[in-house]
Every structure is written in C-alpha cells, then in structure tokens.
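The structure under discussion appears below in the form of structure tokens.
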Amino acid sequence: MNRISGAPKNDKNIFAAVTSLMKAQAYELSALSQRKKKPSIYQFNLLSVIDSDLVRLVIDNDEISQEVVDSEHYISRYIIKKKETFSRIRFISYTNFKEKIKDYNRLHNANCKWFDDATDLFYDGILKDYIRSNILLEDFRGEIWWDIYWSIKGKYDIKIDKEDIFIGWNKESEFAKIEIMCDETVIASLNANTAISKKVGAALKKVYRYGGDFIFEINDIPF
C-alpha cells in the first residue's frame, strides 16, 4: 500500500516550495558559525503552510482512494553546494496551522527537559570521573592559574604553569583535590591562603558545579 499526498496545485509550485525550504535550511546551517561562537544546540523543522485542501491518495493494488488530511510529512532530496541533501518537510493546511504548531512547542519543551537531564547527569559525580573532569580541566585552569601563579611567584619565586595544575577526588576524605606540581611548603601556603581558596571555590562552582570542600595536594606524577 502506498500513500501519496499533495495539494491541488501544479508540481512546479510544490517543488519550488520544497527547494526553497531546503535552501533556506542550508543557508541557516552554514551561517550558524558566524552568528554565534558559543556552543549551542539547534533544531530545524521545515514546514510548508498550504492555503488549500491537502489530499492523500492511498493506492492499494488497483484501488485508489483519497482523503483530506490536515498535515503530511514528505522526504525530499536535493543537491545543495554539490552535496546530496535529504530533508523532512511537513506540509500543513492553513486552517490547522495554529493547532499543529503546538506540536513543536511540546517538542521544544521535551528537548529542553532532555538536555537539562543529560547535563545534570554529566555533572553528577564529575570530579570522581577522570574522563569527564578532564574535559573541563583547561577551563578550570584558566579560572585559577593566574592567581595561583602570582601567589607562589611572589612568595617563593617559583613559576607554575597551567599544565602543572590538575584536579581529582580524595577518596579518603570524600572531597575535591587540586593537585599542583610543587613541594609541600608551597602546598601548605596555598591551603592557608583564604583569598586563593575563595577564588578556587568559585571556579569549582562555575566549571564543575561543585560547592563542597577541597584541598591542595602535591602532584608527584613524573610525567
């Protein structure tokens, strides 16, 4: 059984509507990197609103029947910038547009909830997981390195590079640890420095969504 849908207009008008939508989508996708540098998630839905009856033809062997519908999905293929592109386009009758657009509001809300849940899951226990915590390590280093660098250099004339700072989890005490490649004297000084502790605490909340206790420790891994 096959289903064919279309509006009572010529094929050229339908083809023009489909290609215009696909070209518009291709333009929007190519322009995203220029409009916004911050990582974002986009969902594009292609809709064509028809101010006419939308008829579905149902072909079952030699029998052909028809029914009026208020929307139909259509998969289109087109060559854009020398690349084959497939898009799903939804045709909607004008009289039902306001009702059908509610579907996309529900879809938007469902997507927001899904991403919120996925984000919460990513940060849950992140400092106990080396792979996840390491993804944000450079961001964390960028937040705290400058203050730690001048605190140590001004007092001990020792230079600390960003790559000398690591983050992990103290399993015995059950709180975060900031590991730095230096000696015990420097570590003791950092643990006693309230200004540094305040800066690092704020960075932990900003980058890792962690608001618990932490301590500075020596990173003595020889690589």
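These values consider heavy atoms only, across backbone and side chains, with no hydrogens, waters or symmetry-generated copies. Numbering of residues begins at 1 and proceeds along the displayed sequence.
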message: Let me confirm one number: the CG-NZ distance from Asn219 to Lys177, rounded to the nearest 0.5 Å.
response: 8.5 Å
message: Is any side-chain heavy atom of Lys206 closer than 4.5 Å to one of Asp139?
response: no
- prompt: Quick one: are Ile101 and Ile92 in side-chain contact, heavy atoms under 4.5 Å?
  reply: no
message: Quick one, Thr95 and Asp70 - any side-chain contact, counting heavy atoms below 4.5 Å?
response: no
- prompt: According to the interplanar angle, ranging from 0 to 90°, do the rings of Tyr42 and Phe44 count as parallel (below 30°), tilted (30 to 60°) or perpendicular (above 60°)?
  reply: parallel
task: To the nearest 0.5 angstrom, please state how far the CD atom of Gln25 sits from the OG atom of Ser30.
output: 10.5 Å
task: Check whether any side-chain N or O of Ser197 sits under 3.5 Å from a backbone N or O of Asn193 as a donor-acceptor pair, and report yes or no.
output: yes
query: Is a donor on one side and an acceptor on the other found under 3.5 Å between the side chain of Ser40 and the backbone of Lys38?
result: yes
query: Crowded around Phe175 CZ? As in, over 12 foreign heavy atoms under 6.0 Å?
result: yes
query: So with a 6.0 Å cut-off around CD1 of Ile131, is the heavy-atom count from everything else above 12?
result: no
- prompt: Side chains of Tyr74 and Ser48: does their closest heavy-atom pair fall under 4.5 Å?
  reply: no
message: Tell me if the CZ atom of Arg106 is crowded by more than 12 foreign heavy atoms within 6.0 Å.
response: yes
- request: Rounded to the nearest 0.5 Å, what's the gap from CG on Asn170 to CD on Glu179? Could you check?
  value: 9.0 Å
Heavy-atom check, side chain of Ile126 versus side chain of Tyr210, under 4.5 Å: no
Within 6.0 angstrom of Gln66 CD, more than 12 heavy atoms from elsewhere: no
Validation: residues 115-124 side-chain donor-acceptor distances under 3.5 Å, sequence neighbours left out:
from   : atom 1 : to     : atom 2 : distance (Å)
Asp117 : OD2    : Lys113 : NZ     : 2.9
Thr119 : OG1    : Phe115 : O      : 2.7

message: I'd like to check Asn45 versus Leu107 (side-chain heavy atoms, cut-off strictly below 4.5 Å). Are they in contact?
response: yes
- prompt: Would Val200 and Phe216 count as a side-chain contact (heavy atoms from CB on, under 4.5 Å) if you check the C-alpha gap in whole Å, the side-chain angles of each, and the deciding distance to 0.1 Å?
  reply: CA-CA 10 Å; Val200 172; Phe216 288 98; 3.7 Å; yes
- request: Mind checking the OG-CZ spacing from Ser173 to Phe214? Nearest 0.5 Å is all I need.
  value: 14.0 Å
message: Surrounding CD of Gln43 (heavy atoms of other residues, nucleotides or ligands, distance under 6.0 Å), is the total greater than 12?
response: yes
- prompt: Can you list every ring pair (Phe, Tyr, Trp, His ring centres under 6.0 Å) pair that touches residues 181-208, not counting sequence neighbours?
  reply: Phe140-Tyr208
query: Would you say the side chain of Cys182 lies within less than 4.5 Å of the side chain of Ile158, judging by non-hydrogen atoms?
result: no
- prompt: If you measure from CG on Asn191 to CD on Glu217, what distance do you get to the nearest 0.5 Å?
  reply: 8.5 Å
- prompt: Counting only heavy atoms not in Glu63, do more than 12 sit closer than 6.0 Å to its CD atom?
  reply: no
message: Looking at Ile165, is its backbone amide N or carbonyl O close enough to the side chain of Arg141 to form a donor-acceptor pair, meaning the two atoms are under 3.5 Å apart?
response: yes
- prompt: Just how far is it from atom CZ of Phe86 to atom OG of Ser76, taken to the nearest 0.5 Å?
  reply: 9.0 Å
query: Which of parallel (below 30°), tilted (30 to 60°) and perpendicular (above 60°) describes Tyr149 and Trp146?
result: parallel
message: What verdict does the side-chain contact (heavy atoms from CB on, under 4.5 Å) test give for Val186 and Ile160, after you've listed the backbone C-alpha separation in whole Å, the side-chain angles of each residue and the deciding distance to 0.1 Å?
response: CA-CA 11 Å; Val186 173; Ile160 297 295; 5.7 Å; no
More than 12 heavy atoms from other groups under 6.0 Å of OH on Tyr94: no
